[in-house]
Protein chains: 2
Amino acid sequence: MEITKKKLEKQKSDNEKYLSNSILRGLEVLKMFSVENQTLSLAEIASNLGVSRTTPYRILYTLEECGYIYQDSHTKRYGLRPKVLELGYTYLNSLELPELAAPYLEKLRDETGMSSHMGILDGNDIVYIARYPARSVATITINVGSHLPVHATAMGKCLLAHLPEENKEELLSKLQVLQIPDAPIVEVKKLRDELQSIKEKGYVFHKGEFETGVWSVACPIFGKDNKVIAAINIAITQHAADEELMEEKIIPAVCQVAREISSFMVLTI
Amino acid sequence: MEITKKKLEKQKSDNEKYLSNSILRGLEVLKMFSVENQTLSLAEIASNLGVSRTTPYRILYTLEECGYIYQDSHTKRYGLRPKVLELGYTYLNSLELPELAAPYLEKLRDETGMSSHMGILDGNDIVYIARYPARSVATITINVGSHLPVHATAMGKCLLAHLPEENKEELLSKLQVLQIPDAPIVEVKKLRDELQSIKEKGYVFHKGEFETGVWSVACPIFGKDNKVIAAINIAITQHAADEELMEEKIIPAVCQVAREISSFMVLTI
DNA sequence: AAACTTTGTTTTATTGATAAAACATAGAAA
DNA sequence: TTTCTATGTTTTATCAATAAAACAAAGTTT
């Protein structure tokens with residue numbers, strides 16, 4: 001019996017010995033709020049966490065005390081407060097990339113009339129770190145901070161294609177294992193071939209294959225010692241897109257801006 | 001003796017009975033990283049928290065497991081990962097204001113050649129929720145998500161001036177009590193007079209009084225039922241500023257754009 | 001109106017987080 | 001080299017966080 005108990009402890013120790021439930025749940029509560037669920041009740045939060053109502057009661061008290069959330073005194077429901085921005089922006093502020101690239105991305109947006117973005121690699125995902133939406137009404141609404149699987153986006157493939165071989169293969173093997181729901185199925189062999197041709201061409205042009213209804217052109221950004229550090233893209237809704245214009249004007253424009261940013265990066269980062 | 005213990009418990013219960021140390025410290029760790037301290041060691045974090053190294057050891061393990069931070073396998077130091085952006089952006093995405101105001105703020109920036117911003121009230125602070133930096137090199141670098149005391153900024157005073165009387169007085173009395181370090185001293189009587197004149201004029205023009213070296217013009221944004229919901233401003237470094245230009249062109253331009261945004265807000269929010 | 005649910009809140013027993021100490025290792029100082 | 005100090009890691013005793021239960025209040029259903 002004692003052996004059984006020890007075994008269980010040993011099993012747990014490998015992975016989650018040091019995992020703190022309080023912190024896990026605190027962060028989960030913050031992430032629980034969304035555009036669809038701007039406010040939540042204690043019972044909803046408890047049910048989402050799969051715990052008794054006592055736990056979030058205490059968590060919510062703490063988060064409210066810190067200023068991250070508020071409680072409506074009448075409805076008793078909770079919602080996020082602007083202070084949550086501080087948590088992420090300390091990171092964003094520490095990045096030099098978006099600041100440096102801002103004028104280029106804006107220029108690109110204004111020249112093409114399409115939304116321009118910059119993204120970096122984070123694990124298996126592309127994270128958007130800068131965004132300049134098209135001035136038109138019907139615009140692509142992907143936000144800074146958004147994560148998308150690397151193989152489902154033009155920027156992602158672009159980055160992947162220019163990664164050093166060992167990192168590329170490591171990521172490809174991880175993608176094969178994961179198979180994220182809602183993301184396109186990863187046919188690693190096919191993808192590897194595609195990446196080779198992307199590397200040769202120097203850009204990616206998606207005509208709505210993955211993000212349905214969205215056309216996108218992406219180019220890599222290189223830092224010093226020619227290592228890929230980010231990618232930029234422009235995106236436009238399909239019905240507003242024009243293949244000839246894309247081929248003749250847009251793709252060269254994106255490539256040109258990417259080169260400009262890269263040469264600037266070499267100087268600074 | 002028992003009574004003493006009970007008394008202590010009772011005292012604690014009023015304020016911090018439900019405060020969770022784990023969550024407090026977890027969030028504090030995330031906020032500890034900054035532009036100056038992009039990486040931190042376990043010992044540094046423990047010392048900053050004022051606790052033994054065991055506590056952050058566990059916290060850091062949890063945060064790393066969740067993908068919010070990484071640990072350099074060689075130096076053992078920790079740093080933020082892009083996932084921290086998710087925490088704040090769920091809030092930012094739920095706001096309609098910055099999206100709706102974006103084209104107006106950009107227009108204002110391009111017309112004036114100065115940085116344009118939008119801010120909302122959060123407690124005693126102004127939070128920046130949108131930002132369009134001037135295209136020039138020497139630009140004002142205040143970031144989205146930044147908090148500044150309401151009485152130290154043009155936007156803050158602007159918002160304060162147009163608040164309903166009861167809310168205004170509540171905030172003024174709170175400001176008097178707090179007296180934030182590094183912020184200008186609050187002379188409530190003087191401030192109240194100033195707010196009255198601001199409300200009459202409809203805008204605020206700071207010539208470097210508070211943020212030294214920065215000139216700023218702010219205007220309020222009204223939502224439906226004419227309640228002030230935000231403020232916008234433009235800012236420029238003192239040496240690039242021209243008083244005549246400000247008075248004749250810039251101030252009218254900011255007021256004009258503010259009216260445009262307000263009339264748009266009435267329709268939507 | 002009465003009975004039934006649901007929700008927020010408080011209390012107590014148990015489980016998990018923390019501090020203190022001990023240990024291992026690496027780099028700095030002697 | 002040897003000693004010393006600082007840092008990361010593991011162990012154990014104590015204290016705090018959680019689940020379960022019980023309660024009050026408000027809203028629903030009957």
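First the proteins, then the strands, lettered A, B, ... as listed; each starts at 1.
dT7(C) atom P lies 16 Å from atom NE2 of H74(A), rounded to whole Å. I45(B) has its CD1 atom 12 Å from the P atom of dT9(D), to the nearest Å. Atom CD of E44(A) and atom P of dT6(C) are 14 Å apart (whole Å). The CG-P distance, from D72(B) to dT7(D), rounds to 17 Å in whole Å. Computed from coordinates, the Y61(B) OH to dG8(D) P distance equals 17 Å when rounded to whole Å. In this entry the distance linking CZ of R77(B) with P of dT9(D) reads 14 Å, nearest Å. Residue L42(B) contributes atom CG, which lies 15 Å from atom C1' of dA26(C) at whole-angstrom precision.
Here K83(B) pairs with nothing under the salt bridge (charged side-chain N to carboxylate O under 4.0 Å, His left out) rule; sequence neighbours left out. In terms of the side-chain hydrogen bond (donor to acceptor under 3.5 Å, both in side chains) criterion, Y91(B) has no residue partners (sequence neighbours excluded). With sequence neighbours left out, the salt bridge (charged side-chain N to carboxylate O under 4.0 Å, His left out) criterion links E28(A) to no other residue.
Applying the salt bridge (charged side-chain N to carboxylate O under 4.0 Å, His left out) rule to pairs touching residues 35-57 of chain A yields E44(A)-R77(A), sequence neighbours excluded. Applying the salt bridge (charged side-chain N to carboxylate O under 4.0 Å, His left out) test to residues at least two apart or on different chains, the pairs with a partner in residues 158-167 of chain A are E165(A)-K168(A).
Contact between the side-chain N/O atoms of Y57(A) and the OP1/OP2 oxygens of dT10(C) is found at a separation under 4.0 Å. Using a 4.0 Å cut-off, some side-chain N or O of K76(B) falls inside it from OP1 or OP2 of dT9(D).
Neither side chain, S20(A) nor T62(B), offers a donor N or O lying under 3.5 Å from an acceptor on the other.
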Provide a list of protein-nucleic acid N or O atom pairs under 3.5 angstrom, restricted to nucleotides 18-25 of chain C.
residue, atom, partner, partner atom, Å
dT18(C), OP1, S22(B), OG, 3.2
dA19(C), OP2, T55(B), OG1, 2.0
dA20(C), N6, T54(B), OG1, 3.2

